[in-house]
Amino acid sequence: MLEYAEEMRKVAFSFKNPLIVSHYDCDGIAARAIVEYAFRKEWKKYRASSIKKLDDKAIEKLRKENEIIFLDLGSGNEIVNELKDVLIIDHHQPARIEKPQINPWMFGMDGGSEVSSSGVASIVFGVRRDLAIVGALGDMQYPFESMNRYIVENGKQMGEVEEEHDITLYGRHSRPLHAFLAYSDEPYIPTVSYNEENAIKLLDEIGIEAKNGGRWRTYSDLDPSEKKRLVSALAGIMIEYEKDVGELVGEVYSLPKYDKESIMYDAREFSTMLNACGRHKAPDVGVEAALENKAAYEKAEKLLRMHKNAIRDGIVFARDNIVNLGRFYFIDGRKKIYEGIIGIVCGMVMRVSYEIPIIGISESEEGGIKVSSRGNRKMLEKGLNLGGVMKVAAEEVGGIGGGHHLAAGAEIPKDRINEFLLVVGEELKKL
């Protein structure tokens, strides 16, 4: 793959003025930032945009383009073969594509867990391993293995990445302790997440001062014994509520290139910010923030706050309205949960003890239904492939679907929800 990446870099730089087209999620935005960085570094012309999906309608709009570089898109739609000069940098399972492309599946690797599109882009252009790690985290490719692990080690050698074993909650360096606990949803801490009063109460119960001389302390300000007490207390809560304690502590990544006080210093926080930009129709803001545009970063911060509030409200609704339909849990988020976060909400409601996946629906901007599905590692061991399930069920009702084994989605007509859910049930019955 590393050897082939050099050939693909030559293809990319042979283009005179390509249109770079990326997916609008964190991984797609990170991949786009990497490629834009590489083109700027070489003083080469390009144009760029991010889109929600590469369906037949989107491809029709691209037919007039002479040169296109697809990022986190392109491998799954054979109509790209009808376009002019194309290069595909992707990690989704490929269809019969005749255009130049680089994809981990071509080399016997699982694109759902071993490397993301931003990782592939970083390998192709030999730059920005830090952004590759951000993209991989955004695509839930954690813990890192295979090519992702190679990128981490390479990034450490280049001084772009620092790795340590610590708590994985959001805001280790940037958030006051009470906010660090109360506004954490990766992982979600029952009774503490989105509850400042309980967060402050917990700190008091375990004897940790939230302030020092009138200034709010951060997690990074705590001494080792305080950190240990806090992690133990949070682990106890997660065990009580059957959440995966393994999500609480693990390898965490800091990015020295960015200001230590900024959201972008912590790779996990950075990934959430880029995801917020994409989900709220501002992928360009995410790209420019990643490339250290100060004004764009300030806009991205605001989008992140809005994103977090929407997720909080979505989790509360989902928790109170989840229904067990036998083969899967179902969340009807229409009128209640924005389509851009329905998948995130499903992931946060999922428990490690669940034996069946979660399917959530929301209204899409196009007037149809957006479907998101999530599973856990236990289901993967039993052979679950939600990407395959979503594809079959969506096509059965005139929609489109696909994705990864434990995280997948679909777009279906709004009047065929029941038929879709019946097919999903039948497909899951085959496991």
Side-chain angles (χ1 to χ4, degrees), residues 1-2 4-12 15 18-36 38-39 46 48-56 58-59 62 65 67-125 128 131-141 146-148 150-151 274 278 283 287 387-388 390-391 400-405 407-409:
M1 184 175 180
L2 294 174
Y4 190 66
E6 294 183 18
E7 295 180 36
M8 295 301 99
R9 180 167 64 251
K10 292 175 183 177
V11 172
F15 290 166
L19 176 64
I20 298 169
V21 181
S22 80
H23 190 223
Y24 79 138
D25 70 356
C26 172
D27 186 35
I29 292 173
R32 181 179 149 190
I34 289 168
V35 178
E36 287 198 39
F39 268 71
Y46 70 89
S49 68
S50 296
I51 61 176
K52 182 179 176 182
K53 57 185 176 181
L54 187 64
D55 55 12
D56 295 352
I59 289 177
L62 295 170
E65 295 291 338
E67 302 167 329
I68 303 172
I69 299 176
F70 286 118
L71 306 172
D72 201 25
L73 296 164
S75 288
N77 194 329
E78 294 178 24
I79 300 180
V80 298
N81 293 325
E82 300 174 12
L83 300 176
K84 295 176 184 177
D85 288 339
V86 168
L87 170 62
I88 298 170
I89 298 174
D90 200 358
H91 72 132
H92 296 94
Q93 295 184 43
R96 291 186 293 274
I97 303 299
E98 299 164 5
K99 298 293 184 178
Q101 73 163 316
I102 180 166
N103 187 313
W105 295 95
M106 297 164 56
F107 305 94
M109 284 183 279
D110 186 338
S113 61
E114 294 183 60
V115 65
S116 67
S117 290
S118 52
V120 179
S122 176
I123 290 164
V124 169
F125 293 97
R128 301 310 300 264
L131 292 176
I133 290 166
V134 172
L137 289 171
D139 250 22
M140 299 184 291
Q141 295 192 357
S146 184
M147 188 60 77
N148 279 330
Y150 169 83
I151 291 169
L274 291 189
V287 171
M390 290 292 105
K391 186 176 189 299
I400 59 171
H404 304 297
H405 286 75

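Only this structure's heavy atoms are used, side chains among them; waters, hydrogens and symmetry mates stay out.
- Glu78 meets the salt bridge (Lys or Arg N to Asp or Glu O under 4.0 Å) test with Arg96; sequence neighbours excluded.
- Taking all atoms of both residues into account, the shortest heavy-atom contact from Leu131 to Ala30 is O-CB, 3.5 Å.
- Aromatic pair His23/His91: centroids not less than 6.0 angstrom apart.
- Under the side chain to side chain donor-acceptor pair (under 3.5 Å) criterion, Ser75 pairs with Asp90, Gln101, Asn103, sequence neighbours left out.
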**Request:** Output, in order, the C-alpha distance, side-chain angles, deciding distance and verdict of side-chain contact (heavy atoms from CB on, under 4.5 Å) for Val80 and Leu54.
**Result:** CA-CA 9 Å; Val80 298; Leu54 187 64; 4.0 Å; yes
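- Annotation: ring pair (Phe, Tyr, Trp, His ring centres under 6.0 Å) contacts of His405 (sequence neighbours excluded): none.
- Atom CD1 of Ile20 is separated from atom OG of Ser50 by 10.0 Å, given to the nearest 0.5 angstrom.
- Residues that satisfy the salt bridge (Lys or Arg N to Asp or Glu O under 4.0 Å) test with Glu7, not counting sequence neighbours, are absent from this structure.
- Considering every non-hydrogen atom in both Phe125 and Arg9, the closest pair reads CA-CD, 4.0 Å.
- Of the possible polar contacts, one joining the Gln141 side chain to the Val115 backbone as a donor-acceptor pair under 3.5 Å is found.
- Under a 3.5 Å cut-off, the side chain of Lys53 and the backbone N or O of Leu73 do not form any donor-acceptor pair.
- Rounded to the nearest 0.5 Å, atoms OG (Ser118) and CZ (Arg128) are 11.5 Å apart.
- The shortest heavy-atom contact between Cys26 and Val134 is SG-O, 3.6 Å.
- In the displayed structure, Tyr150 atom OH is contacted under 6.0 Å by at most 12 heavy atoms of other residues, nucleotides or ligands.
- Distance CD1/Ile102 to CD1/Ile123: 7.0 Å, rounded to 0.5 Å.
- Asn81 places no side-chain N or O within 3.5 Å of a backbone atom of Ile97 that could act as its donor or acceptor partner.
- Remark: Lys391 engages Glu395 in a salt bridge (Lys or Arg N to Asp or Glu O under 4.0 Å) (not counting sequence neighbours).
- Nearest heavy atoms, Ala33 versus Val287: CA-CG1, 4.1 Å.
- Closest of all the heavy-atom pairs between Met390 and Gly402 is CB-N, 3.8 Å.
- The structure places CD1 of Ile69 at 11.0 Å from OH of Tyr46, a figure rounded to the nearest 0.5 Å.
- Taking OG of Ser117 as the reference point, atom CG of Asp139 lies at 7.0 Å (rounded to 0.5 Å).
- Listed by chain and number, the residues in a salt bridge (Lys or Arg N to Asp or Glu O under 4.0 Å) with Glu36 are Arg32, Arg40 (sequence neighbours excluded).
- Side chains of Asn77 and Asp55: no donor on one and acceptor on the other come within 3.5 Å.
- Closest of all the heavy-atom pairs between Ala121 and Val35 is CB-CG2, 4.1 Å.
- Contact check for Phe70 versus Leu83: side-chain heavy atoms found under the 4.5 Å cut-off.
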**Request:** List the steps, then state whether side-chain contact (heavy atoms from CB on, under 4.5 Å) holds for Met8 with Leu87.
**Result:** CA-CA 8 Å; Met8 295 301 99; Leu87 170 62; 3.6 Å; yes
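- Atom CD1 of Ile68 and atom CD1 of Ile59 lie 8.5 Å apart (nearest 0.5 Å).
- Using a 4.5 Å heavy-atom cutoff, the side chains of Ser22 and Asp72 are not in contact.
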